[in-house]
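Below: the structure, in structure tokens.
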Amino acid sequence: MKHLLLTTILLLATLTGVAQQITPSLTVYPEFRPATILLTNGSKLKVPLANIFLKNSSLLYMTDDVVKEAELKNVLQVQFDDRTYLRIDSLLAYQVDSVGRNALYCAKVIDIKSYKQTIANSANITNLDLSNITNMLSFSTIDAIGKEGVEFPVIPLYYFRLDNQFVRVHERNLKRVLSKEKQRIMESVMSLPDFSWTDEPSLMKMLEMLK
């Protein structure tokens, strides 16, 4: 079975802003695994080898040793053995936790901006051709990029499900859908000293208060 792992070059930089992970892989799972796909027309499709692409949190599947990226507009849900991903906007996101009918979802994607900045700042990898990496991330079929690979910064993108409406977790977005009373509740949670928009316990506390 074909692996989509890139071997390691340590990128020496401090990545700031959004909470990040570092991974040598372009996919959520180290190896492709079985999945059940629910399509927009209501039919179900079982595939033996599937994965989540970290470039844009989309669906990858393998046929005849060739990795392909699915047309996400045709996908409603992807179920793996450990978790289920829903299509939210143009991303596949999994449920972190729920409070009553409301829930917190997360999609993980490669932070291309931080990745480029890390490469620009690192004297140890001046010979690495960034254009090749960027082009490789755009391919619908993915191969290792030579004998040496890279490590990618990954950031979480969070969504709230509020009364069956999905809202990107951000103060500006939430204000558009919350009543004045619930906006005040949101602001009170935001004022807590340990609150962070990238901290899942903080977001679950806000979701609890907004129910």
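Computation of the quantities below employed the complete heavy-atom set of this structure, encompassing side-chain atoms and omitting hydrogens, waters and symmetry-equivalent molecules.
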Run the ring-centre check on F166 versus Y105 and record whether the distance is less than 6.0 Å. yes

Sub-3.5 Å donor-acceptor pair from the side chain of K44 to the main-chain atoms of I37, do we have one? no

S25 versus T23, side-chain donor and acceptor atoms under 3.5 Å: no

One should read off an interatomic distance between M204 CE and E208 CD, to the nearest 0.5 angstrom, of 7.5 Å

For K46 and T36 the tightest heavy-atom approach is CG-OG1, 3.8 Å

Measuring only between side-chain heavy atoms, which start at C-beta, is L174 closer than 4.5 Å to V167? yes

For a quick check under 3.5 Å, do S202 and D199 share a side-chain donor-acceptor pair by atom type? yes

Give the cluster check for L72 versus L38: same hydrophobic cluster or not, with ILVMFWY residues linked at side-chain heavy-atom distances below 4.5 Å. no

When you check the side-chain N and O atoms of E31 and N51, is any donor under 3.5 Å from an acceptor? no

Can you see which heavy atom on F53 is nearest to which on L60, and at what distance? CB-CG, 3.6 Å

Hey, could you give me the CD/OH distance between Q95 and Y159, rounded to the nearest 0.5 Å? 15.5 Å

Pairwise side-chain contact, T84 with Q77, heavy-atom cut-off 4.5 Å (strictly under): yes

Once you round to the nearest 0.5 Å, how far does CD1 of I110 lie from CD of Q21? 12.0 Å

Side-chain touch K73/R87, heavy atoms, less than 4.5 angstrom: no

Give the cluster check for L104 versus L162: same hydrophobic cluster or not, with ILVMFWY residues linked at side-chain heavy-atom distances below 4.5 Å. yes

In short, V78 meets A35 closest at the heavy-atom pair CG1-CB, 4.0 Å

Are V47 and L76 in one and the same hydrophobic cluster, where Ile, Leu, Val, Met, Phe, Trp and Tyr link if side-chain heavy atoms are under 4.5 Å apart? no

Compare all side-chain heavy atoms of E200 with those of Y158 and state whether any distance is below 4.5 angstrom. yes

Is there side-chain contact between Y94 and L86, with at least one heavy-atom pair below 4.5 Å? no

Evaluate side chain to side chain contact (heavy atoms under 4.5 Å, CB included) for F160 paired with R168, printing each intermediate quantity in order. CA-CA 6 Å; F160 280 153; R168 177 75 179 273; over 6 Å; no

Please walk me through it: do D111 and V154 pass side chain to side chain contact (heavy atoms under 4.5 Å, CB included)? CA-CA 5 Å; D111 187 345; V154 175; over 6 Å; no

Heavy-atom closest contact (A93 atom, I88 atom, distance): CB-CD1, 3.9 Å

Closest approach of N102 to K211 (non-hydrogen atoms, all atoms of both residues): ND2-CA, 4.0 Å

Can you find a heavy atom in the side chain of L54 that is under 4.5 Å from one in the side chain of L26? no

List the atom of E69, the atom of N56, and the distance in Å for their closest heavy-atom pair. OE2-ND2, 3.0 Å

Will you find, in the side chains of Q79 and Y85, an N or O donor that is under 3.5 Å from an N or O acceptor? no

Can you measure from CE (M186) to CG (L178) and round to the nearest 0.5 angstrom? 6.0 Å

So, taking the atom named CZ in R161 and the one named CG in L207, what distance separates them when rounded to the nearest 0.5 Å? 9.0 Å

Results of side-chain hydrogen bond (donor to acceptor under 3.5 Å, both in side chains) for Y61 - residues two or more places apart only: none

Measuring from E187:CD to R184:CZ, what's the distance to the nearest 0.5 Å? 8.5 Å

Is the side chain of D89 donor-acceptor paired with the backbone N or O of L91 at a distance under 3.5 Å, no angle test? no

Quick one, F32 and V67 - any side-chain contact, counting heavy atoms below 4.5 Å? yes

Taking the six-membered ring of F80 (Phe, Tyr or Trp), confirm whether the NZ or CZ of R83 is under 6.0 Å from its centre and within 45° of its axis. no

Could you walk me through whether T63 and K68 satisfy the side chain to side chain contact (heavy atoms under 4.5 Å, CB included) test, starting with their C-alpha distance in whole Å, then the side-chain angles of each, then the deciding distance to 0.1 Å, before giving a yes or no? CA-CA 8 Å; T63 58; K68 298 180 180 180; 3.6 Å; yes

Got more than 12 heavy atoms from elsewhere within 6.0 Å of CE, M209? no

Taking C-beta and beyond as the side chain, do M206 and V169 meet within less than 4.5 Å on heavy atoms? no

